[in-house]
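No experiment lies behind these values; they were computed from the predicted model shown.
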Amino acid sequence: MANSPENLHDNRLDFRAPPPSPIATGRRSSVTNDDVLAEFLEHSLRVPDLILPDRVFPRQRSVDAPPKIDFQTLDSTETDSVARILESFSGTGCFQLVNHGIPCNLIRSVTTAAAGVFRISPEKKATVSRSQEKIYGFEEIHEEDESEMSSEEFVWGRDENLKLEMEGIWPLAYSNFSEKMEILLSDIEKVANKILLILKENSLKNSKFGNDMIPEQEVIGTICHLYKHYKTASSDRWAGSLRYDVIRMLIRGFDCSHSLCLHVCNESSEFHIYSKKGWISFCPDKDALLVTIGDQMQAWSGGQYKHVIGRPIFKGENHKDGISMAFLYSPPTISKSSNVIKREKTISLGHQAILAILLSLAYYFLVYIYKKF
């Protein structure tokens with residue numbers, strides 16, 4: 001049937017035009033612009049070569065060895081041993097303790113047993129590595145840092161979980177090593193406690209800061225950082241490894257807060273002290289314990305004593321791979337108690353007002369009784 005003019009009109013109204021044809025995008029021009037932009041970013045974002053000034057990386061400065069303090073004379077009033085300790089802690093933050101009464105045979109026995117800890121295979125060490133949640137175990141070594149390292153670290157303490165883990169990877173020898181460490185640790189704590197009592201009696205009682213500057217933390221007792229120091233083949237590599245260790249220690253320091261640190265150096269050639277003031281080194285006495293100040297002592301003394309980080313250095317052809325120990329001492333009776341430093345008792349304004357009211361009432365009551373009788 002033929003379409004009427006009206007139907008043709010309706011069909012024309014429903015007709016929709018096709019989409020427009022695509023327009024050229026100018027691709028060649030876009031590629032040119034991208035090349036120009038890439039060249040501009042390459043030149044403008046280039047990082048310059050930077051050389052750190054000496055004030056950022058501290059220079060090593062050799063100084064005279066700190067004083068040697070005879071441990072057996074600390075109770076004597078006829079010597080100036082206590083005054084020399086206080087002076088050393090206010091200055092370098094370190095002194096040497098001789099005639100301390102810890103048998104040399106015990107120290108040698110412990111270091112010999114400790115050498116076996118570092119002979120455990122890397123795969124087993126990885127199962128007892130340290131973390132943010134676990135302070136004990138082996139310090140993790142990354143592949144990119146291995147060539148720069150001059151020492152290896154293991155942290156020991158009286159921890160049952162550490163004991164179980166170490167007996168799992170070193171079953172026969174760990175018990176013997178741990179027993180020797182317990183004996184040495186007991187002697188170290190006696191020496192450290194004696195030094196701490198001297199500091200309390202002679203200076204901390206006059207501190208006005210109390211424990212306000214000490215953050216609340218869990219007390220973990222004394223722990224020991226054991227280090228195996230590697231003998232480096234060349235002086236250039238030794239210097240590079242030492243600078244690497246300095247940067248790592250300035251960033252990390254010690255993970256655990258402590259009062260004192262007692263270092264067993266085992267005939268190290270040098271002892272280095274790192275602090276905010278700088279980096280100093282000296283030659284320690286052969287059989288001395290090196291005692292350094294911890295962060296807790298700096299806080300308790302109001303900054304009078306300076307917290308420092310100490311590290312023995314083994315270098316030279318005569319030195320083989322050495323073992324050193326750093327005992328971080330923090331007694332629970334000092335760490336937890338807020339009564340170490342007695343503060344002056346004060347009465348608040350509210351209590352004073354209540355006391356005044358009570359005295360006034362008592363006065364009027366006595367006057368009333370006097371007039372009545």
Side-chain angles (χ1 to χ4, degrees), residues 55 58 61 63-64 66-67 69 71 74-75 77 79-97 188-189 191-223 225 249-263 271-280 282 289-311 326-349:
R55 72 173 64 183
R61 181 168 54 92
V63 297
D64 294 334
I69 306 299
F71 181 73
L74 293 182
D75 292 326
T77 58
T79 64
D80 60 346
S81 297
V82 173
R84 294 166 67 195
I85 289 177
L86 301 180
E87 183 180 357
S88 298
F89 278 168
S90 300
T92 59
C94 173
F95 72 89
Q96 303 183 87
L97 189 66
I188 289 288
E189 288 180 332
V191 173
N193 187 61
K194 179 67 175 181
I195 298 173
L196 200 60
L197 289 175
I198 290 174
L199 293 176
K200 287 172 54 183
E201 293 172 357
N202 291 272
S203 57
L204 293 183
K205 62 184 179 182
N206 298 324
S207 173
K208 299 179 181 179
F209 292 87
N211 287 336
D212 293 342
M213 300 175 64
I214 303 173
E216 293 184 1
Q217 59 186 345
E218 181 184 359
V219 177
I220 58 175
T222 306
I223 66 173
H225 287 247
M249 280 188 292
L250 290 176
I251 294 174
R252 290 178 58 244
F254 283 118
D255 298 332
C256 300
S257 178
H258 60 285
S259 303
L260 299 173
C261 185
L262 283 73
H263 303 263
F271 191 81
H272 291 198
I273 297 176
Y274 312 97
S275 67
K276 294 181 179 179
K277 286 185 176 182
W279 170 18
I280 63 175
F282 60 89
L289 291 177
L290 278 297
V291 185
T292 57
I293 281 289
D295 58 314
Q296 292 179 2
M297 290 298 300
Q298 176 173 311
W300 291 338
S301 66
Q304 178 183 357
Y305 304 139
K306 308 303 179 185
H307 170 43
V308 298
I309 301 173
R311 181 67 60 88
F327 292 87
L328 275 61
Y329 178 71
S330 181
T333 55
I334 301 282
S335 301
K336 285 186 174 181
S337 175
S338 60
N339 298 320
V340 176
I341 302 167
K342 295 182 179 180
R343 305 180 187 178
E344 296 181 359
K345 295 183 178 180
T346 58
I347 302 176
S348 64
L349 292 176

Is the closest side-chain heavy-atom distance between [X] and [Y] below 4.5 Å?
X	Y	answer
L260	I293	yes
I280	H272	no
F71	L289	no
F327	C261	no

Under the rule for side-chain hydrogen bond (donor to acceptor under 3.5 Å, both in side chains), what residues qualify as partners of [X], not counting sequence neighbours?
X	result
T92	none
E87	none
D75	K194

Show the nearest heavy-atom pair for residues [X] and [Y], with the distance to one decimal.
X	Y	answer
P66	Q96	O-NE2, 3.0 Å
C94	L290	SG-CD1, 3.8 Å
S259	Q296	OG-OE1, 2.7 Å

Contacts of type ring pair (Phe, Tyr, Trp, His ring centres under 6.0 Å), residue Y329, not counting sequence neighbours: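 Counting only residues at least two positions away or on another chain, Y329 forms no ring pair (Phe, Tyr, Trp, His ring centres under 6.0 Å).
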
For F282, ring pair (Phe, Tyr, Trp, His ring centres under 6.0 Å) partners two or more places apart: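 By the ring pair (Phe, Tyr, Trp, His ring centres under 6.0 Å) rule, F282 matches F271.
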
Atom pair OG1 (T292) and CG (L328), whose distance is rounded to the nearest 0.5 Å: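 Rounded to the nearest 0.5 Å, the OG1-CG separation comes to 8.0 Å.
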
Reported CG-to-CD distance for the pair L196 and E189, which is rounded to 0.5 angstrom: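 Spacing of CG (L196) from CD (E189) equals 12.0 Å.
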
Listed partners of S88 passing side chain to side chain contact (heavy atoms under 4.5 Å, CB included), at least two apart: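 Per chain and number, S88 pairs via side chain to side chain contact (heavy atoms under 4.5 Å, CB included) with P67, F95.
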
Contacts of V82 that satisfy side chain to side chain contact (heavy atoms under 4.5 Å, CB included) - sequence neighbours left out: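 Applying side chain to side chain contact (heavy atoms under 4.5 Å, CB included) to V82 gives L86, I198, N202.
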
Geometric class of the H258/H307 ring pair [parallel <30°, tilted 30-60°, perpendicular >60°]: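 Ring orientation, 0 to 90° scale: perpendicular.
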
Partner of V291 under side-chain contact (heavy atoms from CB on, under 4.5 Å), chosen from L97, I69, I85: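 For V291, the side-chain contact (heavy atoms from CB on, under 4.5 Å) test succeeds with only one of L97, I69, I85, which is L97.
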
